[in-house]
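The next block holds one structure in the form of structure tokens; read it before the comments.
Keep in mind that the numbers below use all heavy atoms, side chains included, and drop hydrogens, waters and symmetry copies. A quick note: this is a predicted structure, and the numbers were derived from the prediction, not measured. Each chain gets a letter, A, B and so on, in the order the sequences are listed, and its residues count up from 1.
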2 protein chains.
Amino acid sequence: MNKRQKQKQKTREKIVSCAKELFIQKGFLHTTTSEIAAAAGIAHGTLFLHFPAKESLILEIMDTVLEQIQAALQPVIAHAGNLDEIIRCYLDLIEQHEAIFSTKAREMPFYGDELRRKLLFRDAIIRGHFHTLFQQGIDDGIYRQVDIQTALTFFFGAIHYYLSLKQIFVVDGSVIGKFKDQIISTFNALITIPKTEES
Amino acid sequence: MNKRQKQKQKTREKIVSCAKELFIQKGFLHTTTSEIAAAAGIAHGTLFLHFPAKESLILEIMDTVLEQIQAALQPVIAHAGNLDEIIRCYLDLIEQHEAIFSTKAREMPFYGDELRRKLLFRDAIIRGHFHTLFQQGIDDGIYRQVDIQTALTFFFGAIHYYLSLKQIFVVDGSVIGKFKDQIISTFNALITIPKTEES
DNA sequence: TTACTCGGTGACTGCGTGCTCAGTTAATGG
DNA sequence: CCATTAACTGAGCACGCAGTCACCGAGTAA
């Protein structure tokens with residue numbers, strides 16, 4: 001690879017990494033191509049030599065970022081004994097990368113069909129693991145016999161709600177961090193078969 | 001009321017009804033003031049004689065709907081209905097105005113601070129009624145002693161989730177209509193103290 | 001050294017937006 | 001009948017945006 005090709009690749013990588021950071025922080029919809037160019041230290045026009053349109057940038061970035069993040073959950077899921085454990089890990093992961101998950105929750109309805117489908121597919125995989133462990137808990141007589149799909153929608157719906165309206169719950173810091181314990185304990189309380197209610 | 005006042009009111013109503021229709025179809029963010037004016041058959045400038053800014057339009061529209069809902073819920077609360085009753089009533093009303101609520105769920109994070117605050121305030125009032133009846137149910141020994149705030153976030157979060165991603169759940173028709181029964185029965189099952197789990 | 005290639009530049013264009021304001025028209029009231 | 005008022009008009013403004021293109025200059029190959 002000669003000097004020119006090397007430089008070109010370097011520029012492209014710089015664009016991707018800067019765009020990624022900006023998308024996570026400000027969201028895709030409110031990041032301008034000029035901002036990306038400025039952050040990458042290149043001219044506005046250069047951006048369009050590497051990517052035909054702004055849309056093609058997010059296609060490349062959003063999915064791969066979430067893929068990497070969610071892949072980190074995989075090994076944990078594999079030897080997760082129970083639902084409680086996986087919930088904790090999942091929420092820790094979201095808290096850790098809260099900016100991008102918040103952006104995703106807010107903006108997903110406005111993404112193109114292709115990207116939205118990809119993102120929802122990733123979610124569905126994780127949800128599937130939750131489902132399995134939930135079913136296991138029911139079979140083991142720990143959890144109540146409820147409609148798992150709907151019960152999980154209560155859970156994921158609440159997370160989605162906190163993330164998409166994050167700005168009203170916290171000024172700085174993490175929403176999930178703030179409500180994590182309540183979410184976990186309340187969800188657990190609701191789905192667990194009580195020994196005795198009066199105590 | 002003289003001819004002038006009558007005409008003015010008529011124009012105002014025309015603006016509101018056309019704006020509402022467009023907000024439902026295209027969303028508030030993607031409806032332009034020019035479109036509204038064109039649909040209402042008035043000049044672009046006329047719109048700003050009746051409303052100081054675009055945001056005040058959606059505020060009035062959402063206010064009207066939310067007030068209707070609050071009014072419809074009032075009798076249920078008045079004659080000491082239970083949570084189950086108010087949930088049913090609430091979901092029926094949401095289903096009735098689903099298009100506008102779906103738009104609101106999707107777009108709220110992007111509204112200006114003031115508008116969002118006002119809309120959330122209306123939501124909070126309705127949520128307050130739920131809280132009261134939930135507490136009553138706990139006191140009566142019908143519901144389990146759980147964190148009411150968080151439990152309600154599971155409920156409203158799920159509704160929010162269905163509404164904001166409506167497009168992936170149904171092509172035409174109502175999401176709430178589709179999932180209403182499941183939502184109600186599962187939420188009830190979760191919060192109610194079970195007589196005996198094995199049956 | 002020279003002719004050519006090609007990544008990079010940034011002023012510019014075209015478009016869409018919310019909102020304004022000088023001017024028009026018609027109802028009002030003395 | 002006419003001066004006043006108030007609803008209405010629509011061209012135009014200021015702004016922000018994604019995307020373009022004529023030009024530049026360093027790298028390349030002969």
Side-chain angles (χ1 to χ4, degrees), chain A residues 1-23 25-62 103 107 110-112 114-115, chain B residues 1-23 25-62 103 107-108 110-116 118:
Chain A
M1 195 186 288
N2 67 25
K3 213 169 179 180
R4 268 198 190 143
Q5 291 171 306
K6 221 173 238 171
Q7 180 54 39
K8 188 178 181 182
Q9 193 188 330
K10 213 172 138 190
T11 303
R12 190 194 162 90
E13 280 164 12
K14 183 81 182 160
I15 291 172
V16 169
S17 73
C18 289
K20 190 195 290 183
E21 196 50 43
L22 283 167
F23 287 165
Q25 297 306 327
K26 314 187 46 180
F28 170 71
L29 299 173
H30 297 104
T31 300
T32 66
T33 48
S34 310
E35 281 176 310
I36 297 169
I42 57 164
H44 189 194
T46 306
L47 204 153
F48 295 94
L49 289 179
H50 294 268
F51 297 91
K54 189 189 172 193
E55 178 79 20
S56 57
L57 250 172
I58 195 171
L59 256 172
E60 168 152 342
I61 291 172
M62 217 46 175
T103 296
E107 297 190 344
F110 303 103
Y111 291 160
E114 189 190 343
L115 179 58
Chain B
M1 195 186 287
N2 66 26
K3 213 168 178 181
R4 268 196 191 145
Q5 291 171 306
K6 219 173 243 172
Q7 180 54 39
K8 188 177 180 182
Q9 194 187 331
K10 216 173 135 188
T11 303
R12 191 191 163 89
E13 281 163 10
K14 185 80 183 159
I15 291 173
V16 169
S17 72
C18 289
K20 185 174 178 183
E21 192 51 42
L22 284 168
F23 289 165
Q25 280 173 16
K26 316 185 46 179
F28 171 69
L29 298 173
H30 299 106
T31 299
T32 66
T33 47
S34 312
E35 280 176 309
I36 297 169
I42 57 164
H44 190 189
T46 306
L47 203 153
F48 294 93
L49 290 179
H50 294 268
F51 298 90
K54 191 189 170 192
E55 286 218 331
S56 57
L57 246 174
I58 196 158
L59 184 61
E60 167 147 343
I61 290 170
M62 285 306 308
T103 297
E107 298 189 343
M108 181 125 77
F110 303 106
Y111 291 163
D113 270 357
E114 194 194 337
L115 175 58
R116 189 172 53 246
K118 284 179 178 167

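- Looking at K14(A) and I42(A), their side chains never come closer than 4.5 Å, going by heavy atoms from C-beta outward.
- Taking atom NZ on K14(B) and atom C1' on dC8(D), their separation rounds to 17 Å, with Å as the unit.
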Restricting both atoms to N or O, compile the protein contacts to nucleotides 25-28 of chain D shorter than 3.5 Å, with distance only.
{"residue": "dG27(D)", "atom": "OP1", "partner": "K3(A)", "partner atom": "NZ", "Å": "3.4"}
{"residue": "dG27(D)", "atom": "N2", "partner": "R4(A)", "partner atom": "NH2", "Å": "3.4"}
{"residue": "dG27(D)", "atom": "N3", "partner": "R4(A)", "partner atom": "NH2", "Å": "2.9"}
{"residue": "dT28(D)", "atom": "OP1", "partner": "K3(A)", "partner atom": "N", "Å": "3.0"}

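- Rounding to whole angstrom units, CG of residue L47(B) and P of dA7(D) are separated by 15 Å.
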Go through the steps for T33(B) and L57(B) under the test side chain to side chain contact (heavy atoms under 4.5 Å, CB included), then give the verdict.
-> CA-CA 10 Å; T33(B) 47; L57(B) 246 174; 6.0 Å; no

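- If you check every strand for non-hydrogen atoms under 4.0 Å, I42(A) touches sugar and phosphate atoms only.
- Atom-to-atom, NZ of K8(B) to C1' of dT5(D) comes out at 12 Å; the value is rounded to the nearest Å.
- Spacing between atom NZ of K54(A) and atom P of dG16(D) amounts to 15 Å, rounded to whole angstrom units.
- The nearest heavy atom of DNA chain C to T11(A) and to L49(B) marks one nucleotide each, and the one closer to the 5' end goes with T11(A).
- Under a cut-off of 6.0 angstrom, the local environment of CD in E114(A) is sparse, with at most 12 non-hydrogen atoms contributed by other residues, nucleotides or ligands.
- Nearer to the 5' terminus of DNA chain C, by closest-nucleotide assignment, is the contact made by G45(A) (compared with the other of S34(B) and G45(A)).
- Within the 4.0 angstrom heavy-atom criterion, no nucleotide atom of any strand lies near H30(A).
- Ring orientation note: the planes of H30(A) and F110(B) are tilted relative to one another, at an angle of 30° to 60°.
- If you check every strand for non-hydrogen atoms under 4.0 Å, T32(A) touches sugar and phosphate atoms only.
- Distance, E55(A) CD to dC17(D) P: 17 Å, rounded to whole Å.
- Running 5' to 3' along DNA chain C, contacts with non-hydrogen atoms of chain B at under 4.0 Å begin and end at dT17(C) to dT28(C).
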Pair Q9(B)-E13(B), side-chain hydrogen bond (donor to acceptor under 3.5 Å, both in side chains): steps then yes or no | CA-CA 6 Å; Q9(B) 194 187 331; E13(B) 281 163 10; 3.0 Å; yes

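- Computed from coordinates, the H50(B) NE2 to dC8(D) C1' distance equals 8 Å when rounded to whole Å.
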Test H50(B) against E60(B) for side chain to side chain contact (heavy atoms under 4.5 Å, CB included), laying out the working first.
-> CA-CA 12 Å; H50(B) 294 268; E60(B) 167 147 343; over 6 Å; no

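- F23(A) places none of its side-chain heavy atoms less than 4.5 Å from the side chain of T103(A).
- In this structure, E35(A) places its CD atom 13 Å from C1' of dA18(D), rounding to the nearest Å.
- For the pair K118(B) and E55(B), the salt-bridge criterion is not met [side-chain N within less than 4.0 Å of a carboxylate O].
- Atom C1' of nucleotide dT9(D) and atom CD of Q7(B) are separated by 14 Å, given to the nearest angstrom.
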Criterion side chain to side chain contact (heavy atoms under 4.5 Å, CB included) on F51(A) and V16(A), from CA distance to verdict = CA-CA 10 Å; F51(A) 297 91; V16(A) 169; 3.8 Å; yes

